[in-house]
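See below for the structure under consideration.
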Amino acid sequence: MKKALSTIFLVLLIDQTLKIWVKTHMYLEQEWPALGHWFYLHFTENNGMAFGVEWGIPGGKLLLSLFRIGAVAAIVWYLFGLIKRQAPGGLIISISLIFAGAVGNIIDSAFYGLIFTDSYHKVATLMPADGGYAGFLHGKVVDMLYFPILSGTFPDWFPLWGGEEFLFFRPIFNVADSSITIGVFLILVFQKRFFPHEKKVLKTEEQVHAVEEAPAAS
């Protein structure tokens with residue numbers, strides 16, 4: 001339990017501290033170099049999921065917020081089950097990272113519209129007297145981490161994109177997005193270590209079938 005709580009608290013602290021700082025010190029699309037041409041703080045906002053994905057349907061913002069809340073509830077249930085079963089610590093930390101990232105972006109959607117003014121051509125005001133820029137669950141997610149590591153132009157002979165400019169890595173994201181990505185990545189890489197019982201169950205079932213199919217001794 002301590003590992004899970006510590007991981008969740010640390011991710012949320014870093015995520016929300018950076019988001020609030022960006023909202024109160026930068027305006028939309030403002031960009032500050034943080035590590036030469038490799039890393040920038042580039043302030044943008046989005047209505048959607050990780051890396052700016054959106055649901056382009058009527059009421060999509062509300063549906064997405066409700067979907068996030070439902071997903072977080074499911075993750076909490078699963079996380080408590082893992083802790084109760086004393087699952088591997090790495091798996092608990094991975095799920096905690098995913099949970100913390102989901103909660104971090106829910107906080108933006110749920111409350112930022114209420115507690116901030118918009119950031120168009122100006123730095124946002126925290127707790128404005130006239131209210132925020134949107135209602136409950138209609139706030140925008142703050143993104144700021146931008147890594148344009150590699151840019152250039154495709155050679156003319158390159159199929160489909162010959163002569164066009166390319167940029168890697170284009171998406172702008174936040175700490176919460178990173179937390180979710182890291183959690184999923186750890187599960188994929190260490191799945192055999194995190195889920196050893198499933199391998200044992202499969203092996204036991206194979207042994208049972210082998211015994212049942214073996215011819216009886218004469």
Side-chain angles (χ1 to χ4, degrees), residues 11 14-65 67-68 71 90 94-95 97-98 100-109 112-113 116 118-124 133-134 138-194:
V11 170
I14 297 173
D15 178 64
Q16 290 301 310
T17 298
L18 183 55
K19 286 175 176 176
I20 292 173
W21 185 89
V22 167
K23 280 290 288 184
T24 55
H25 288 80
M26 301 176 69
Y27 53 83
L28 270 177
E29 303 307 325
Q30 186 177 8
E31 183 175 273
W32 287 356
L35 189 61
H37 297 292
W38 300 87
F39 170 45
Y40 293 85
L41 286 180
H42 182 112
F43 177 25
T44 186
E45 293 178 318
N46 72 80
N47 290 314
M49 295 183 284
F51 304 110
V53 177
E54 298 191 12
W55 287 3
I57 59 175
K61 175 61 181 176
L62 179 59
L63 289 174
L64 179 56
S65 296
F67 171 79
R68 281 176 174 157
S94 298
I95 298 299
L97 286 170
I98 295 172
V103 171
N105 284 334
I106 285 176
I107 291 173
D108 296 26
S109 296
Y112 275 29
F116 286 111
D118 66 69
S119 299
Y120 293 104
H121 310 295
K122 64 177 186 284
V123 173
Y133 67 84
H138 285 78
K140 295 182 179 180
V141 176
V142 175
D143 292 326
M144 78 296 291
L145 304 179
Y146 180 41
F147 292 86
I149 298 173
L150 183 63
S151 63
T153 303
F154 287 108
D156 292 336
W157 53 263
F158 198 88
L160 299 179
W161 299 290
E164 295 184 9
E165 295 183 356
F166 68 85
L167 177 64
F168 180 86
F169 179 72
R170 188 178 298 275
I172 302 171
F173 54 99
N174 57 43
V175 173
D177 298 333
S178 302
S179 182
I180 294 172
T181 302
I182 293 171
V184 172
F185 177 79
L186 290 175
I187 291 174
L188 293 176
V189 172
F190 298 106
Q191 55 181 312
K192 291 184 178 179
R193 184 182 302 177
F194 291 167

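- Heavy-atom minimum distance, Arg170 versus Tyr146: O-CE1, 3.5 Å.
- Counting non-hydrogen atoms of other residues, nucleotides and ligands closer than 6.0 Å to CD of Glu165 gives a total of 12 or fewer.
- Not counting sequence neighbours, the partners of Gln191 by the side-chain contact (heavy atoms from CB on, under 4.5 Å) test are Phe195.
- In this pair, His25 and Trp21 present their aromatic rings parallel. The plane angle is below 30°, not in the 30 to 60° band.
- The two atoms that bring Leu186 and Phe194 nearest to each other are O-CE1, 3.5 Å, heavy atoms only.
- Atom CG in Leu41 sits 11.0 Å away from atom CG in Leu35 (nearest 0.5 Å).
- Around OH of Tyr133, the count of heavy atoms belonging to other residues, nucleotides or ligands within 6.0 Å exceeds 12.
- Few gaps surround CZ on Phe39; more than 12 heavy atoms of other groups in view lie less than 6.0 Å from it.
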Passes side chain to side chain contact (heavy atoms under 4.5 Å, CB included), Thr44 versus Glu29? Steps please. CA-CA 6 Å; Thr44 186; Glu29 303 307 325; 3.5 Å; yes
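- A donor-acceptor distance shorter than 3.5 angstrom exists from the side chain of Ser94 to the backbone of Gly90, with no hydrogens or angles considered.
- Between Tyr120 atom OH and Leu28 atom CG the span is 6.0 Å, to the nearest 0.5 Å.
- Between the CG atom of Asp15 and the CD1 atom of Ile20 there is a distance of 9.5 Å, given to the nearest 0.5 Å.
- Between the side chain of Tyr40 and the backbone N or O of Pro148 there is no donor-acceptor pair closer than 3.5 Å.
- Within a 6.0 Å radius of CZ in Phe185, other residues, nucleotides and ligands contribute 12 heavy atoms or fewer.
- In this structure, the side chains of Glu45 and Tyr112 stay at 4.5 Å or more apart for every pair of heavy atoms.
- Scanning for side-chain hydrogen bond (donor to acceptor under 3.5 Å, both in side chains) contacts around Asn174 gives Asn105, Asp143, with sequence neighbours left out.
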Decide side chain to side chain contact (heavy atoms under 4.5 Å, CB included) for Lys19 and Met144; before the verdict, give the C-alpha distance in whole Å, the side-chain angles of both, and the deciding distance to 0.1 Å. CA-CA 8 Å; Lys19 286 175 176 176; Met144 78 296 291; 3.8 Å; yes
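- Classification of the Phe173-Phe147 ring pair by plane angle, with boundaries at 30° and 60°, yields parallel.
- Ile95 has its side chain within reach of Ile187: a pair of non-hydrogen atoms, C-beta onward, lies under 4.5 Å apart.
- Open room surrounds CH2 on Trp38; 12 or fewer heavy atoms of other groups in view lie less than 6.0 Å from it.
- Side-chain contact check for Ser109 versus Val141: some heavy-atom pair is nearer than 4.5 Å.
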Go through it in stages, so that I can follow the logic: the residues are Gln16 and Val175, the test is side chain to side chain contact (heavy atoms under 4.5 Å, CB included), and I'd like the CA-CA distance, side-chain angles, deciding distance and then a yes or no. CA-CA 9 Å; Gln16 290 301 310; Val175 173; over 6 Å; no
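- For Ser119, the side-chain hydrogen bond (donor to acceptor under 3.5 Å, both in side chains) partners are Lys23, not counting sequence neighbours.
- Between the side chain of Gln30 and the backbone N or O of Tyr27 there is at least one donor-acceptor pair closer than 3.5 Å.
- In this structure, Thr153 contributes its side chain and Gly163 its backbone to no donor-acceptor pair below 3.5 Å.
- The distance from the CZ atom of Phe43 to the CG atom of Leu145 is 12.5 Å, given to the nearest 0.5 Å.
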